[in-house]
Amino acid sequence: SQTIHQWPATLVQPVGSPLSLECTVEGTSNPNLYWYRQAAGRGLQLLFYSVGIGQISSEVPQNLSASRPQDRQFILSSKKLLLSDSGFYLCAWSVNMNTEAFFGQGTRLTVV
Amino acid sequence: AQSVTQLDSQVPVFEEAPVELRCNYSSSVSVYLFWYVQYPNQGLQLLLKYLSGSTLVESINGFEAEFNKSQTSFHLRKPSVHISDTAEYFCAVSEMRENTPLVFGKGTRLSVIA
């Protein structure tokens, strides 16, 4: 069966520091991969998605970036965090772009 | 492009009472529809989905949702809620014709009161 791993679960970082969140999927090949951010009362915001290695689509311009160095690995990064980057970050995968996505357990990022 | 509206941000309900969480969507083409549940500090879990066929879909824990094309709705219902149903519920839509990601509503927080 397929599983998705996301870490760390919680993270407290100072403003201006770099960020790296990692997500890996097991049990499937060539998944579509996604990064979402969830802010209180604002639902899920799609940040990036990827249909294959090295292929990244950005939905929202900001100081975050994503990379897919391997088929089942998706990384969310920032060179310098802002206070507004605080939130709950969720990684997800799907077989097809427009069918159900399966989510990791999330990372709660607090920028101080 | 598709969009989703969840009309209620919070829904309090007494234990063993029925509940309906409303979801309306907008799209110019045929759609797939989904409901997800999120417990505190966890990821989203797929509750049920409509892809085709019967417009009434059910989950294993007693929830059901009905796809109503004329009203562009996909409301989630449960005839008798439990304390353990307390969570946030998200409706999502995608378009059949396009290879684009799911679009989520802003969520409805269901609070079940003993």
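Just so we're on the same page: letters track the sequence lines, and every chain starts at 1.
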### Query
Heavy-atom count around Ile60(B) CD1 within 6.0 Å, excluding the residue itself: above 12?
no
### Query
Looking at Arg22(B), Arg109(B), Lys106(B), which one forms a salt bridge (charged side-chain N to carboxylate O under 4.0 Å, His left out) with Asp8(B)?
Arg22(B)
### Task
Take Tyr89(B) and Cys23(B) through the side chain to side chain contact (heavy atoms under 4.5 Å, CB included) test and state the conclusion after the steps.
CA-CA 10 Å; Tyr89(B) 292 79; Cys23(B) 172; over 6 Å; no
### Query
Side chain, backbone, both or neither: which part of Glu95(B) has a heavy atom under 4.5 Å from chain A?
backbone
#### Entry: Under 3.5 Å side-chain donor-acceptor pair for Ser70(B) and Asn68(B)
yes
### Query
Is it the side chain or the backbone of Leu46(B) that comes within 4.5 Å of chain A heavy atoms, both, or neither?
side chain
#### Entry: chain B contact via Gln38(A) - which portion, at a heavy-atom distance below 4.5 Å
side chain
